[in-house]
Structure formats: structure tokens, C-alpha cells
> 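This is the structure, below, for whatever I ask next.
It should be emphasised that the depicted structure is a prediction, and the values quoted were computed from it without experimental measurement.
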Amino acid sequence: MSKRKPVFLVALALMLVLGSVVGARQKKIVVGFAQVGAESAWRMANTESIISEAKKRGIELIFVDGQQQQANQIKALRSFIERKVDVIGFSPVVTTGWEEVLEEAKQAKIPVILTDRGVDCADDSLWVTLIGSDFVEEGRRAARWLAEKMNGQANIVELQGTIGSAPTIDRKKGFEEVIAAYPGMKIIRSEIGDFTRSKGKEVMEEFLKAEGNRINALFAHNDDMAFGAIQAIEAYGLRPGVDIIIVSVDAIRAAFEAMIEGKLNCTVECNPLLGRHFFDAVEAILAGKPIPKRIIVEEGIFPQEVARDVLPTRRY
Ligand code: GYE
């Protein structure tokens, strides 16, 4: 009897060790994600990419739609902190006003990943990484294409995205930087269109009422607003894509269809498929691996001429 004791103890210890390994493996990762809203087709594709990737990896995702309101996003972040999620992900609707809540996350030792949009706060220890596009470069790409298309001569109207958001600030900056080199390229009107089709239409109607036939180019900060503007231009009796040359950003499928119809002239790509990059970062952080402070996704530009060939390959 006494001889058997050590064997029994070893077996018991083994069972305990194995049990805890299996238990650790089974502990699900919990991620809270505060999305901007559902303002555009780009956003819907971004949301789909995050949700489907979480499912694929067996990660529990608490998803909150902020409905384009910073207050809703702050509330969501606080609820994630309270629930002690493993990682917080969020796409800040505007760049400023996040210090307090990010400080609370830091105190609670919950790592924060920014996706798509960045924040403007001095202490960059408040988030681990920013995954997304180079919006300044997108603005430059739009301007370079337009300058060439218009031979350096254009009265441009600009439909900006959401006021105070990173893509609005940066796309405008990149666009202006490039056209500054062309004395004949002028932005004659520029207003906020909030990244939505309905606001894009409304603001374009105002531009047309004020400037009429003087307008010969439109820079829209996203495709959805360009679609709204196309409707307004047609209702005004002008031909979008012919009388008014249009360049926008995102490169969603519908933009390729509009280019094939001849109503849109160019779209600059902005990649919403960030799910894989986001959860790679989540897993790396939880495994204690270092990750870069900035992860930039590769993007291109698609003029009308390539639309027919490229459309079948578009995933969003
Ligand atoms: O371009 C627009 C969306 O933040 C890059 O937000 C994103 C922008 C995108 O509403 O369609």
C-alpha cells in the first residue's frame, strides 16, 4: 500500500498540470470593440471584417456601434473596462477628447488598439498601436490624379467627411498640399458632408446653387458622399463624370459600378478589411510579443479606365 503512494501522487500531480493547461487553453479571449457607426459602405465592410475574424478565431467580441457620437463610444469603453475585457479595440470618431477614458483603461491595465482612425493626444502610451490607412497619402493621391486629369486647371468643390475626424483632417491636408503647386487649381467651396450619401447630396445641392456651372471638379472624402453628389448634379441638369469630374476615396464596389456608368472618374483605395490585422495584434499583445506602434495597410488608386477589369476582384 505504502509503496503505491508515490505513483498515485505523481499521477495526481500530472492530472492537475494537464487540467490547468487545458483550462488555460479554453479560457476565451474577450475583446471589446467600439465602432464609429454605420455611416458608409466602407464602415459596413469594416464591421463585417472585425466580426467575422473574431468568429473565425473563437474570440468573444463585444461589439458596440457608436452611431457617430463620441459620447456613445466613451460609454462603451467604460463598459469594457468594467467588464475587464482582455483588449479594447476602437475606431475614434474624432481625434480629440480621449485622454481621460484612455487613462482609465491604462489604470485597469487593459491594452487599447486603435483601428482605422487615430487620436490626437500627447501621451502615446495610452494605446499600443494604430492599424489602418495613411489618410494624408490618400488625399495626395486624389489631388495628383485630379491635377493631371484637369491639366492643372480646376474650380474644385470639396465634400469633407466628419468634422474633427482623422480621415477628414488628413485627406484635406494631403489634397491641399499637392494642389498648392498648381496655381490654376482652386477649392472654391468646402463643407462637411459627414461621410453619408444624404449629406453629400444636400451639400452638393448648396454648392450648385451658389456656384452653378463654375464648378468643374469635385473631391469627395468618401464614395458614399460622391454618390449623393452625383444625384444632386443630375437633378441640377449637369452630367456627373463629364461636366463635373469626380474623385472620391474608399474604392467600394459601387464606386466601380459608377465608374463603368461614367458618373465617377476615379476612386482612391482605403482598405476596410482590418479584421485580420486587428486580431493578429490582439493575440500578439496577449502573448507578450512586441508590435509596431503603427501598422499601415497597402492601398492603390483606380481610375475609370480600369473599373471594368477590376470590379470582379473587389471584395467590398
Ligand atoms: O473613408 C468613410 C468612413 O475612417 C477611413 O470612414 C474611414 C472613413 C471612410 O465613413 O467611408
> Distance check, rounded to the nearest 0.5 Å: S40 atom OG versus D250 atom CG?
6.0 Å
> Same cluster or not: I110 versus L102, using hydrophobic residues (I, L, V, M, F, W, Y) connected whenever any side-chain heavy atoms lie under 4.5 Å apart?
yes
> Taking the side chain as every heavy atom from C-beta outward, state whether H221 and L159 have any atom pair closer than 4.5 Å.
no
> Closest heavy-atom contact between S190 and Q160?
OG-NE2, 2.7 Å
> Other members of the hydrophobic cluster containing I187, with the 4.5 Å side-chain heavy-atom rule, please.
W145, L146, M150, I156, F175, V178, I179, Y182, M185, F219, I245, V247, V249, V268, I301
> Go through it in stages, so that I can follow the logic: the residues are L126 and E103, the test is side-chain contact (heavy atoms from CB on, under 4.5 Å), and I'd like the CA-CA distance, side-chain angles, deciding distance and then a yes or no.
CA-CA 6 Å; L126 295 178; E103 191 60 54; 3.6 Å; yes
> When you group the ILVMFWY residues by side-chain heavy-atom contacts below 4.5 Å and let the links chain together, are I291 and L286 in the same group?
yes
> Write down the atom of P111, the atom of V128, and the distance for their closest heavy-atom approach.
CB-CG2, 3.8 Å
> Should F195 and M44 be regarded as members of a common hydrophobic cluster, given that ILVMFWY residues are connected when their side-chain heavy atoms come within less than 4.5 Å of each other, either directly or indirectly?
no
> Would you indicate whether the side-chain heavy atoms of T168 and F135 approach each other to under 4.5 Å?
no
> Residues two or more places apart in sequence or in another chain: which of them pass salt bridge (charged side-chain N to carboxylate O under 4.0 Å, His left out) with E99?
none
> CG of L273 to CD1 of I50: how many Å apart, nearest 0.5 Å?
10.0 Å
> On a heavy-atom basis, which atom in A41 and which in I252 lie closest, and how many Å separate them?
CB-CD1, 3.6 Å
> Evaluate the side-chain proximity of F80 to V64: yes if any heavy-atom separation is below 4.5 Å, no if none is.
yes
> Within the 4.5 Å heavy-atom criterion, are L114 and W98 side-chain neighbours or not?
no
> Any sub-3.5 Å donor-acceptor pair from T95's side-chain atoms to A166's backbone N or O?
no
> Is there a chain of hydrophobic side chains (I, L, V, M, F, W, Y, each step under 4.5 Å between heavy atoms) that links L77 to V30?
yes
> Of N222, T196, D194, which meets side chain to side chain donor-acceptor pair (under 3.5 Å) against T162?
D194
> Taking only residues two or more places apart in sequence or in another chain, which ones pass salt bridge (charged side-chain N to carboxylate O under 4.0 Å, His left out) with K55?
none
> Could you list all the side-chain hydrogen bond (donor to acceptor under 3.5 Å, both in side chains) pairs where at least one residue sits in residues 227-247, not counting sequence neighbours?
E234-K263, R239-D243
> For residues 265-286, which residue pairs pass the ring-ring contact (aromatic ring centres under 6.0 Å, His included) check, not counting sequence neighbours?
F33-F278
> Determine which pairs satisfy salt bridge (Lys or Arg N to Asp or Glu O under 4.0 Å) with at least one residue from residues 155-169, sequence neighbours left out, and list them in order.
E158-K172
> Not counting sequence neighbours, list each pair that qualifies as a salt bridge (Lys or Arg N to Asp or Glu O under 4.0 Å) and has a residue in residues 30-47.
E39-R43, E39-R117, R43-D116
> So do V282 and I113 actually touch side chain to side chain, heavy atoms under 4.5 Å?
yes
> Would you check if there is a donor-acceptor pair between the side chains of Q153 and N216 at a distance under 3.5 Å?
no
> Which other residues end up in the same hydrophobic cluster as I192, if Ile, Leu, Val, Met, Phe, Trp and Tyr are linked when side-chain heavy atoms come under 4.5 Å apart?
I163
> Under a 4.0 Å threshold between the charged nitrogen and the carboxylate oxygen, would R144 count as salt-bridged to E137?
yes
> Can you tell me if Q73 uses its side chain to pair, donor with acceptor, with the backbone of S91 under 3.5 Å?
yes
> Starting from the C-alpha separation in whole Å, work towards a yes-or-no answer on side-chain contact (heavy atoms from CB on, under 4.5 Å) for F256 and R253.
CA-CA 5 Å; F256 289 81; R253 283 187 71 89; 5.5 Å; no
> Would you name the heavy atoms of L238 and P240 that are closest together and state the gap between them?
O-CD, 3.3 Å
> Just grab all the salt bridge (Lys or Arg N to Asp or Glu O under 4.0 Å) pairs involving residues 282-294, residues at least two apart or on different chains.
R57-E283
> Could you tell me whether the side chain of E60 and the main chain of V31 form a donor-acceptor pair under 3.5 Å?
no
> Indicate yes or no: at least one non-hydrogen side-chain atom of K199 is less than 4.5 angstrom from one of E202.
yes
> Does any non-hydrogen side-chain atom of I215 lie less than 4.5 Å from one of I233?
no
> Treating S79 as the side-chain partner and A76 as the backbone partner, does any N or O pair qualify as donor plus acceptor under 3.5 Å?
yes
> Any carboxylate oxygen within less than 4.0 angstrom of a Lys/Arg side-chain nitrogen, looking at R276 and E53?
no
> Answer yes when E205 and K209 have at least one side-chain N-carboxylate O distance shorter than 4.0 Å, and no when they do not.
no
> For G193 and V203, which heavy atoms make the closest approach, and how far apart are they?
CA-CG2, 4.5 Å
> Look up atom CD1 in I295 and atom OG1 in T129, then write down how far apart they are to the nearest 0.5 Å.
4.0 Å
> So I29 and V87, side-chain contact (heavy atoms from CB on, under 4.5 Å) or not? Walk me through it.
CA-CA 8 Å; I29 297 172; V87 177; 5.6 Å; no
> Keeping to residues at least two apart or across chains, list the salt bridge (Lys or Arg N to Asp or Glu O under 4.0 Å) pairs with something in residues 210-229.
R189-E211, E211-R214
> Is there side-chain contact between I169 and D120, with heavy atoms separated by less than 4.5 Å?
no
> Taking I131's backbone N and O only, do any of them form a donor-acceptor pair with T115's side chain (distance below 3.5 Å, no angle check)?
no
> Does the side-chain contact (heavy atoms from CB on, under 4.5 Å) test come out yes or no for I88 and I81, once each step is laid out?
CA-CA 8 Å; I88 289 176; I81 296 170; 4.0 Å; yes
> Between the side chain of E138 and the main-chain N/O of S133, is any donor-acceptor distance below 3.5 Å?
no
> Using residues 305-316 as the side-chain source, report each donor-acceptor pair under 3.5 Å to any protein atom, sequence neighbours left out, with the distance given to one decimal.
from : atom 1 : to   : atom 2 : distance (Å)
T313 : OG1    : V310 : O      : 2.6
R314 : NE     : A251 : O      : 3.4
R314 : NH1    : E269 : OE2    : 3.3
R314 : NH2    : A251 : O      : 3.0
R314 : NH2    : E269 : OE2    : 3.3
R314 : NH2    : Y316 : OH     : 2.9
Y316 : OH     : C270 : O      : 3.3

> How long is the span from the CG atom in L264 to the CD atom in E261, to the nearest 0.5 Å?
10.0 Å
> Heavy atoms only: give me the nearest C121-W127 pair and the separation to one decimal.
SG-CZ3, 3.8 Å
> Can you name the residues that form a salt bridge (charged side-chain N to carboxylate O under 4.0 Å, His left out) with E177, not counting sequence neighbours?
R140
> Give a yes or no answer on whether the side chain of Q70 reaches the backbone of V93 with a donor-acceptor pair at less than 3.5 Å.
no
> When clusters are formed by joining ILVMFWY residues with side-chain heavy atoms under 4.5 Å apart, either directly or through shared neighbours, do F90 and F63 land in the same one?
no
> What is the distance from atom CG of N72 to atom CD of Q67, rounded to the nearest 0.5 Å?
6.0 Å
> Would you say NZ of K106 has more than 12 non-hydrogen atoms from neighbouring residues, nucleotides or ligands within 6.0 angstrom?
yes
